[in-house]
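Input: a single structure, listed below in structure tokens.
All ligand and atom numbering here is 1-based and tracks the order in the structure.
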Amino acid sequence: MLFFNIVAITTLVPAVRASALRPIRPQQADLSQFSHLESPVALQGVLKNIGANGSDVAGASAGAVVASPSTSHPDYFYTWTRDAALTFSMIVDRFLAGDNSLESLIHQYIAAQAKLQTVSNPSGGLSDGTGLGEPKFYTNLTAFLGSWGRPQRDGPALRASTLIAYGKHLMAAGQQSVVKSNIWPIVQNDLTYVAEYWNQTGFDLWEEIEGSSFFTTAAQHRALVEGSAFAGALGQSCDGCDSQAPQILCFLQNFWNGTAVVSNLAANDGRSGLDANSLLSSIHTFDPAARCDDTTFQPCSARALSNHKLVIDSFRSLYGVNSGKAAGSAIAIGRYAEDTYQGGNPWYLTTLAAAEQLYDALYQWKRQGSLSITQTSLPFFQGLVLSAATGNYSSSSTTYSSITKAVQAYADGFVSVVQQYTPNNGTLSEQFSRENGTPISARDLTWSYASFLTAVARRGRSMPSSWGSSRANKVPTQCQGSSATGTYVTPTVRSW
Ligand SMILES: *[C@@H]1O[C@H](CO)[C@@H](O)[C@H](O)[C@H]1NC(C)=O
Ligand SMILES: *[C@@H]1O[C@H](CO)[C@@H](O)[C@H](O)[C@H]1NC(C)=O
Ligand SMILES: *[C@@H]1O[C@H](CO)[C@@H](O)[C@H](O)[C@H]1NC(C)=O
Ligand SMILES: *[C@@H]1O[C@H](CO)[C@@H](O)[C@H](O)[C@H]1NC(C)=O
Ligand SMILES: *[C@@H]1O[C@H](CO)[C@@H](O)[C@H](O)[C@H]1NC(C)=O
Ligand SMILES: *[C@@H]1O[C@H](CO)[C@@H](O)[C@H](O)[C@H]1NC(C)=O
């Protein structure tokens, strides 16, 4: 069994074996060397956690993404809809960038999701859609019956976006009928769910707070916008997408308080609201074709940059590992300052999200040929370049050059923090100690590895495709609570 596991992984990732033989010593490498050495380890780290052949997750079903092989303190041996969708978003992007070896795994993921949509669970079932909000399942694709923070309404939205990214590729390759039979029914269920339930409370991505989560609302808006276009391209329709997306965008504006994103509303949680939730939202609703739109909180928007500074600064004096770091330099980032879970330490994936947002912003400025500094974003820019002043700077100006250089160095700084606290064998757990940087909590966290790979991809200017945000950034003048009903169908995945 073990023999086959190793064969499968090395077949998928030919580069792994060679690099695994070399000592990695990540702390001593420069950033590009570190990325080069760590990337195959991270990809292998992801693949080892996906059934049925992932060598660290024996017993997991085909296509099931296990959050971490850790079975105690904490037990993450489950498959979460969110983590799986974000992981496969990265895998689909790599496939689209040319790694054809990943396609059969994508098919297995899709088949696993079709099965999971039909599994009745404590959140409900498929007939009225409620079961789609269930956050996690056993890795053999059966319902987890224990108590949990449920429902979590980001999962269906994220899954729809991941399946749409792959579906668009098949459509472009002329495989419309395969998309219609194997992908559209799953996507349709998820879109129907979002359109029906977006205006109800649920648990946030950290599974702690019941209320309205910025991450969830942002992911929902994106899914309905691209879902509508995807339906149209297939000769289908998604009336709920069209009627609800503007209202979700309207609601999304409520999270902005003038200088920052208040990540959880109606939560009564006693927190400031500054939370890496918002950084993750910006990178997962990043549209490379967008301008710096405030309404969708694009990575280069004044809002997202002002928020970035406030979120980062909330961790400056919190952790021992950040002491002695000057204002304006990159530091280790956790989830939110009040966090106590597993010690409330910095996380790899949130520190990497801080970098990724800035790589995305750099791409957007370059593409539009300018950057602007407004009163809202001024504190962010002045934190990096003291002399920064409001204005519009064309990419041919010296100000543009000096500012983008500083932003690039700042972004790289967050990856360097991760590099500093990555053990020599390149493994990434969930957290690293706030005092001394040693790995803490679940080992080999799939999402940590995926976040490394997406941050490094964006650093290397490898971008996801547009989700059409520029057609969906106008906020209605009056927000309305609402819901649309639609149909739920039993999905089946036949041959590809
Ligand atoms: C697992 O590996 C075996 C042997 O290489 C292969 O026959 C099988 O199809 C693989 N299963 C999955 C789900 O990839
Ligand atoms: C699925 O896994 C769970 C947890 O390990 C176990 O309790 C259950 O019996 C399994 N179900 C099936 C059908 O194998
Ligand atoms: C927005 O919220 C953050 C976090 O609580 C706070 O630091 C900031 O002062 C608030 N901004 C305004 C304008 O109220
Ligand atoms: C920058 O350009 C925008 C859009 O053209 C304009 O509204 C704004 O006033 C300009 N800002 C400055 C400081 O020139
Ligand atoms: C990698 O290094 C970490 C930290 O030293 C250690 O806990 C872990 O067991 C190692 N993993 C492997 C697969 O060697
Ligand atoms: C529902 O939408 C309305 C209008 O945007 C908003 O005021 C309300 O807070 C929303 N409730 C939830 C739970 O989303």
Q) So which protein heavy atom does atom 9 (O) of ligand 3 come closest to, and at what separation? A) T259 OG1, 4.1 Å
Q) Do the rings of W198 and F251 sit parallel, tilted or perpendicular, given the 30° and 60° boundaries? A) tilted
(Q) I'd like to check atom 11 (N) of ligand 5 in this structure: does the protein have a heavy atom lying under 4.0 Å from it? (A) yes
(Q) Within ligand 2, which atoms have a heavy atom of N140 less than 4.0 Å away? (A) 1 (C), 2 (O), 3 (C), 8 (C), 10 (C), 11 (N), 12 (C), 14 (O)
Q. Who gets closest to atom 5 (O) of ligand 3 by heavy atom: S272, A260, S263?
A. S272
Q. Which residue supplies the protein heavy atom nearest to atom 1 (C) of ligand 3, what is that atom called, and how far is it?
A. N257 ND2, 1.4 Å
Q. Which class fits the ring pair F432 and Y348: parallel under 30°, tilted 30 to 60°, perpendicular over 60°?
A. tilted
Q.
For atom 4 (C) of ligand 5, what is the closest protein heavy atom, and at what distance to 0.1 Å?
A. P423 CB, 3.8 Å
Q. Which atoms of ligand 2 have any heavy atom of T142 under 4.0 Å away?
A. 1 (C)
**Q.** Side-chain donor-acceptor pair present, N436, Y421, cut-off under 3.5 Å
**A.** no
Q: Check whether the side chains of S263 and D275 place a donor and an acceptor atom closer than 3.5 Å, and report yes or no.
A: no
Q: Indicate yes or no for a side-chain donor-acceptor contact from S377 to the backbone of I373 under 3.5 Å, with no hydrogens or angles considered.
A: no
Q) Nearest to atom 14 (O) of ligand 5, what protein heavy atom do you find, and at what distance? A) N425 ND2, 3.1 Å
**Q.** Atoms of ligand 2 close to Y138 [distance to a heavy atom under 4.0 angstrom, numbered from 1]
**A.** 3 (C), 4 (C)
(Q) Need the ligand 3 atom indices (1-based, order shown) with element for anything under 4.0 Å from a heavy-atom of L274. (A) 4 (C)
(Q) For a quick check under 3.5 Å, do N277 and S213 share a side-chain donor-acceptor pair by atom type? (A) yes
Q: Would you tell me whether D128 and T130 have side-chain atoms, one donor and one acceptor, within less than 3.5 Å of each other?
A: yes
